[in-house]
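The residues of the chain are indexed from 1 along the displayed sequence.
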Amino acid sequence: MDIFIENLVASVEKTKNSVFETFRRPFFRGNKRNNREKEEQVVKDVISVDDDDDDDGVDELVVVDEDDEIEVLEGKKKTEEKSILEELFAELTDEEKNEVELALSPHHNQDVLVVYGDIKITGEILQCLGPRRWLNDEVITVYLELLKEREKRQPEKFLKCHFFNPFFYQQLAGGVSGYDYKAVKRWTMQKKIGYGLIECDKIFVPIHQKDKMHWCLGVINKKDKKFQYLDSLKGVDTDVFSVLARYYVDEVKDKSGEEVDISTWKSEYVEDLPGQENGCDCGMFVLKYIDFYSRGLALWFNQKHMAYFRLRTAKEILRLRAD
């Protein structure tokens with residue numbers, strides 16, 4: 001696992017802007033002449049540090065070369081990235097593996113393993129997280145609720161998001177006349193969810209294409225002013241953007257009375273994303289798209305990680321806690 005993490009960190013680093021340029025910019029502010037003078041010499045910062053050996057109350061002054069400071073910052077950044085990746089791909093303990101294996105065995109088909117709200121997860125329902133199975137509505141719903149609970153536990157670590165369940169989009173877009181805001185307007189009452197969608201950085205909308213038995217994802221991305229569509233088979237849906245845009249305008253007006261301007265927002269078929277290489281992992285890809293995006297991260301995974309993600313998701317549902 002450590003070798004994988006190191007390789008992943010290295011590959012991610014190649015796609016990012018130069019760390020030197022990122023941390024160099026604050027040093028070169030002011031007029032052009034001053035900037036030229038600063039760039040012609042090695043920039044040195046005087047940093048005040050407490051000298052524990054002196055009791056005269058005077059701090060020791062240490063001169064630090066800019067290159068050394070950048071190297072420290074770069075090292076810290078890599079350490080933080082490695083820590084994040086270790087969290088994302090943390091290996092299950094033997095106890096957790098045994099717990100999941102037992103729960104997924106056919107001997108527990110009719111047993112209620114966990115209860116979340118009014119949803120009972122039986123062994124048979126949880127088995128959709130076994131190898132080469134299609135995910136069901138119950139597992140997707142509970143997992144997304146656990147992601148929201150995770151965000152509430154550590155709001156400083158995650159984006160502020162809303163996670164709609166698998167039934168939302170079909171209610172919104174599948175009315176007798178197509179789009180039907182009235183069918184879902186009560187789903188997001190302030191008294192029910194405790195916040196308004198206009199406060200959210202991202203709103204996730206799982207989409208089930210019944211004719212194809214396929215899961216996709218729509219995102220109302222207020223943070224980047226985009227409507228996004230993610231399909232692990234790289235498909236397109238021309239209706240999703242208009243439905244999500246119309247919904248967001250209607251929702252904000254209904255809940256706050258405001259007229260939100262989305263005229264400059266982009267519609268994006270996300271193409272640079274990990275794709276599935278079989279006919280059964282679409283639901284798992286959708287859950288991990290949501291997991292990574294809710295952290296503000298790029299999608300640093302691929303098909304080979306799906307077996308691990310299935311076991312991890314089963315463990316998180318059994319313990320009713322998303323990590």
Side-chain angles (χ1 to χ4, degrees), residues 4-19 21-23 25-26 73-90 140 143-164 193-207 216-232 241 244 248 260 262 264-275 284-302 305-306 308-309 312-313 316 321-323:
F4 166 73
I5 295 294
E6 290 173 3
N7 290 339
L8 198 52
V9 169
S11 65
V12 169
E13 195 66 24
K14 292 179 182 179
T15 66
K16 299 191 176 182
N17 292 330
S18 165
V19 175
E21 286 301 320
T22 301
F23 291 103
R25 196 169 297 114
L73 291 170
E74 185 175 11
K76 182 180 179 181
K77 186 176 181 182
K78 287 183 178 179
T79 299
E80 291 174 348
E81 286 179 348
K82 184 175 180 180
S83 177
I84 292 171
L85 290 170
E86 286 175 342
E87 179 181 326
L88 292 169
F89 298 95
I140 292 175
Y143 181 74
L144 295 182
E145 290 288 346
L146 296 180
L147 291 187
K148 187 61 186 181
E149 289 186 3
R150 181 182 71 180
E151 175 200 310
K152 290 179 179 178
R153 287 196 307 270
Q154 296 179 287
E156 75 286 347
K157 189 174 179 180
F158 302 95
L159 298 179
K160 186 172 182 64
C161 302
H162 186 73
F163 308 86
F164 278 115
I193 64 175
Y195 54 88
L197 294 195
I198 195 171
E199 303 170 36
C200 295
D201 298 310
K202 295 186 179 184
I203 301 164
F204 297 106
V205 184
I207 300 169
C216 301
L217 177 67
V219 184
I220 299 173
N221 184 344
K222 178 188 173 185
K223 185 174 184 291
D224 301 313
K225 290 183 168 47
K226 294 180 181 178
F227 297 101
Q228 296 172 291
Y229 183 76
L230 292 82
D231 183 343
S232 55
F241 294 134
L244 294 183
Y248 191 60
V260 62
I262 58 169
T264 61
W265 287 37
K266 297 180 180 178
S267 296
E268 177 187 21
Y269 288 111
V270 181
E271 297 181 353
D272 184 20
L273 80 171
M284 199 68 246
F285 271 91
V286 164
L287 292 188
K288 300 320 289 185
Y289 293 156
I290 296 173
D291 178 18
F292 277 59
Y293 270 11
S294 68
R295 299 171 185 264
L297 298 177
L299 304 174
W300 299 337
F301 61 88
N302 56 42
H305 300 116
M306 289 301 112
Y308 162 72
F309 285 144
R312 175 175 173 144
T313 303
E316 291 174 326
R321 181 184 175 93
D323 298 322

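To the nearest 0.5 angstrom, Phe164 atom CZ is 12.0 Å from Ile290 atom CD1. The OH atom of Tyr143 lies 4.0 Å from the CG atom of Asp291; values are rounded to the nearest 0.5 Å. Rounding to the nearest 0.5 Å places CZ of Phe163 at 11.0 Å from CD of Glu149. With rounding to the nearest 0.5 Å, the separation of NE2 in His162 from CG in Asp201 is 14.0 Å. A distance of 10.5 Å separates NZ in Lys223 from SG in Cys161, rounded to the nearest 0.5 Å. In this structure, Gln228 CD and Leu217 CG are separated by 8.5 Å, a value rounded to the nearest 0.5 Å.
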Carefully, step by step, assess Arg150 and Glu316 under the rule salt bridge (Lys or Arg N to Asp or Glu O under 4.0 Å). CA-CA 11 Å; Arg150 181 182 71 180; Glu316 291 174 326; 5.7 Å; no
Please walk me through it: do Tyr229 and Ile207 pass side-chain contact (heavy atoms from CB on, under 4.5 Å)? CA-CA 10 Å; Tyr229 183 76; Ile207 300 169; 4.3 Å; yes
Begin with the C-alpha distance, continue with both residues' side-chain angles, and end with the deciding distance and a verdict on side-chain contact (heavy atoms from CB on, under 4.5 Å) for Asp323 and Arg312. CA-CA 9 Å; Asp323 298 322; Arg312 175 175 173 144; 3.6 Å; yes
May I have the step-by-step check of side-chain contact (heavy atoms from CB on, under 4.5 Å) for Leu230 and Leu299, ending in yes or no? CA-CA 11 Å; Leu230 292 82; Leu299 304 174; 4.1 Å; yes
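In this structure, Glu271 places its CD atom where only 12 or fewer heavy-atom neighbours from other residues, nucleotides or ligands lie under 6.0 Å away. Counting non-hydrogen atoms of neighbouring residues, nucleotides and ligands closer than 6.0 angstrom, the NZ atom of Lys148 exceeds 12 such neighbours. Surrounding CZ of Arg153 are more than 12 heavy atoms belonging to other residues, nucleotides or ligands, all under 6.0 Å away.
In this structure a side-chain-to-backbone donor-acceptor pair under 3.5 Å is missing from Tyr289 to Cys216. Side-chain atoms of Asn221 never come within 3.5 Å of backbone atoms of Lys202 as a donor-acceptor pair (strictly under, hydrogens ignored).
When side chains are defined from C-beta on, Leu297 counts as touching Leu88, because their heavy atoms get closer than 4.5 Å. Contact annotation: the side chain of Ile140 approaches that of Leu287 to within less than 4.5 Å [non-hydrogen atoms, C-beta and beyond]. The closest side-chain heavy-atom distance from Pro206 to Leu144 is below 4.5 Å. No side-chain heavy atom of Ile220 sits under 4.5 Å from any side-chain heavy atom of Leu197. A 4.5 Å side-chain heavy-atom check between Glu151 and Ser294 finds every atom pair outside the cut-off.
Contact record, Leu147 with Ala322: CD2-CB, 3.9 Å, taken as the closest heavy-atom pair. The two residues Cys200 and Tyr195 make their nearest non-hydrogen contact at SG-CE1, 3.7 Å.
Aromatic ring pairs are classed by plane angle as parallel below 30°, tilted from 30° to 60° and perpendicular above 60°; the pair His305 and Phe89 is tilted. Ring-plane geometry between Phe285 and Phe301 is classed as tilted, the angle between the planes lying from 30 to 60 degrees on a 0 to 90 degree scale. Below 30°, between 30° and 60°, or above 60°: for Phe227 and Trp265 the angle between ring planes is between 30° and 60°, a tilted geometry.
Annotation: cation-pi geometry not satisfied between Lys226 and Tyr293 (NZ/CZ under 6.0 angstrom from ring centroid, within 45° of ring axis).
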